[in-house]
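Some notes on the structure that comes next.
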Amino acid sequence: MSASANIPADTLLDWFADTARDLPWRRPECTAWGVLVSEVMLQQTPVNRVEPIWRDWLERWPTPSSTAAATQGEVLRAWGKLGYPRRALRLHAAARAIAEDHDDVVPSDVDTLLALPGIGAYTARAVAAFAYGQAVPVVDTNVRRVVARAVHGAADAGPPSTTRDLRDAEALLPRERAATYSAALMELGALVCVARTPRCADCPVLATCRWQRAGRPAHDGPVKAAQKFAGTDRQVRGRLLDVLRGTTEPVEKAVLDLAWSDAGQRDRCLHSLLVDGLVEQTRDGLFALPGEH
DNA sequence: AACTCGTGGGG
DNA sequence: TCCCCAAGAGT
């Protein structure tokens, strides 16, 4: 039996047509730049938090060149509290590269997309598929989970392996409407075949799911360590950057010192923000978002 | 290959 | 409350 038999295209596509969320970056009038921006914003970030930021962003900067003309600080402010603000700088750098090297046209070729900052294995194929309709496999955390269950009969995906994950997804792709099929796989993982408590009763491919057929066995592999946040450098960096997002003028270090009590960790994090280009120091020793002073 | 990098909602 | 985890990328 072929792998695709576990997730039949017609069944999944019908379900998608009936159930899919009406997300703005899925609309036919959405530009390739709009798709690219959405994919970067959606990296590790829930849809409902992305949507308003995405709308504001595209209204303000509808093209790569208009984004490239903004300062890094403006881009970081527009990014707001989406998280992982280095993504905003990479998106800005990608916009510059597209404007300068690609005539302001988002590339459609996966390898060209992969060469852009902040565009990895997932995002490059997502743009190629969703903006240009290419029949390339698109593998995100949802697809990995759906494939693990429906095809491999396992409760959860194993450790990511780009080569193996792409091969698995490639085997599923139908000849027709491959890009929509990929969007549907992701949607299934996002709405039904979710991580914690899958809604199998609502699943369109329940009849062919190997995990279901096997009696939905529990995850057997090693349990991955829970990611901490409180007290980490990530939290401290977030606090520091939030101070600078909230001010128009550069601030003295004493202002940043209020953001975290542990001086050693605070200074280490401020240094790493400077190294990452998320913070700049002015000539007179004040601190600000980059590119604004 | 394992770690780091933000943020906030829901179970 | 705490903990999981959400359309990953870069090193």
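Note that these values count all heavy atoms, side chains included, but never hydrogens, waters or copies made by symmetry. Note that the structure is predicted; figures quoted are calculated from it, not measured. Chain naming here is simple, since letters A, B, ... match the order of the sequence lines and numbering starts at 1 in each.
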request  = Could you check whether Arg245(A) gets within reach of a base, just the sugar-phosphate, or nothing at all, counting any heavy atom under 4.0 Å?
outcome  = sugar-phosphate

ask   = With a 4.0 Å cut-off on heavy atoms, is Leu82(A) in touch with a base, just the backbone sugar-phosphate, or nothing at all?
value = base

key: Interatomic distance, Leu76(A) CG vs dG6(B) C1' [rounded to whole Å]   = 13 Å

ask   = At under 4.0 Å between heavy atoms, what does Arg21(A) touch on the DNA or RNA strands: base, sugar-phosphate, or nothing?
value = base

Between P of dT4(B) and CZ of Arg86(A), the distance in whole Å = 12 Å

request  = Indicate, with a heavy-atom threshold strictly under 4.0 Å, whether Trp54(A) touches base, sugar-phosphate, or nothing.
outcome  = nothing

remark   = Ranking dC5(C), dG8(C), dC4(C) by distance to the side chain of Tyr84(A), first place goes to dG8(C)

Close side-chain approach of Lys81(A) to Arg245(A), heavy-atom, < 4.5 Å = yes

task = To the nearest Å, give me how far apart CD (Gln43(A)) and P (dA6(C)) are.
result = 15 Å

task = Sticking with atom P, work out how far dA9(C) lies from dG8(B), rounded to a whole angstrom.
result = 23 Å

query = When you compare dA7(C) with dG11(B), how far apart are their P atoms, in angstrom units rounded to a whole number?
reply = 15 Å

inquiry  = Can you see if the side chain of Arg87(A) gets near the phosphate of dG8(C) - specifically, an N or O under 4.0 Å from OP1 or OP2?
reply    = no

inquiry  = Assuming nearest nucleotide by heavy-atom distance, tell me which of Leu114(A) and Phe130(A) is located more 5' along DNA chain C.
reply    = Phe130(A)

query = So, is Arg90(A) close to the dC5(B) phosphate, meaning a side-chain N or O under 4.0 Å from OP1 or OP2?
reply = no

Could you pull out the protein-nucleic contacts involving nucleotides 9-11 of chain B (nitrogen or oxygen on both sides, under 3.5 Å)?
none

inquiry  = So Arg26(A), base contact, sugar-phosphate only, or nothing? Heavy-atom distance under 4.0 Å.
reply    = base

ask   = Base, sugar-phosphate alone, or nothing: which one does Leu240(A) contact when heavy atoms must sit under 4.0 Å apart?
value = nothing

message = Once you apply a heavy-atom cut-off of 4.0 Å, does Ala126(A) come out as touching a base, just sugar-phosphate, or nothing?
response = nothing

key: Within-4.5 Å side-chain heavy-atom neighbours: Met41(A) and Leu82(A)   = yes

key: Whole-Å distance separating the CG atom of Leu113(A) from the P atom of dA9(C)   = 12 Å

query = How is Pro160(A) classified with respect to the nucleic acid when contacts are heavy atoms under 4.0 Å: base, sugar-phosphate, or nothing?
reply = nothing

query = Which part of the nucleic acid, if any, lies within reach of Ser38(A) when heavy atoms closer than 4.0 Å are counted: base, sugar-phosphate only, or nothing?
reply = nothing

task = Select base, sugar-phosphate, or nothing to describe what Gln235(A) touches, counting heavy atoms under 4.0 Å on all strands.
result = nothing

message = Using heavy-atom distances to pick each residue's nearest nucleotide on DNA chain B, tell me which of Arg239(A) and Pro159(A) is more 5'.
response = Pro159(A)

ask   = NA contact type, Gly120(A), heavy-atom cut-off 4.0 Å: base, sugar-phosphate, or nothing?
value = sugar-phosphate

ask   = How close or far is atom P of dC5(B) from atom NZ of Lys81(A), stated in whole angstroms?
value = 18 Å

Neighbour count above 12 (heavy atom, 6.0 Å) for His271(A) NE2 = no

query = Do the side chains of Leu241(A) and Arg237(A) get nearer than 4.5 Å, heavy atoms only?
reply = no

ask   = Once you round it to whole Å, what is the distance between P of dC3(C) and CZ of Phe229(A)?
value = 15 Å

query = Are any of Thr232(A)'s side-chain N or O atoms less than 4.0 Å away from OP1 or OP2 of dG6(B)?
reply = no

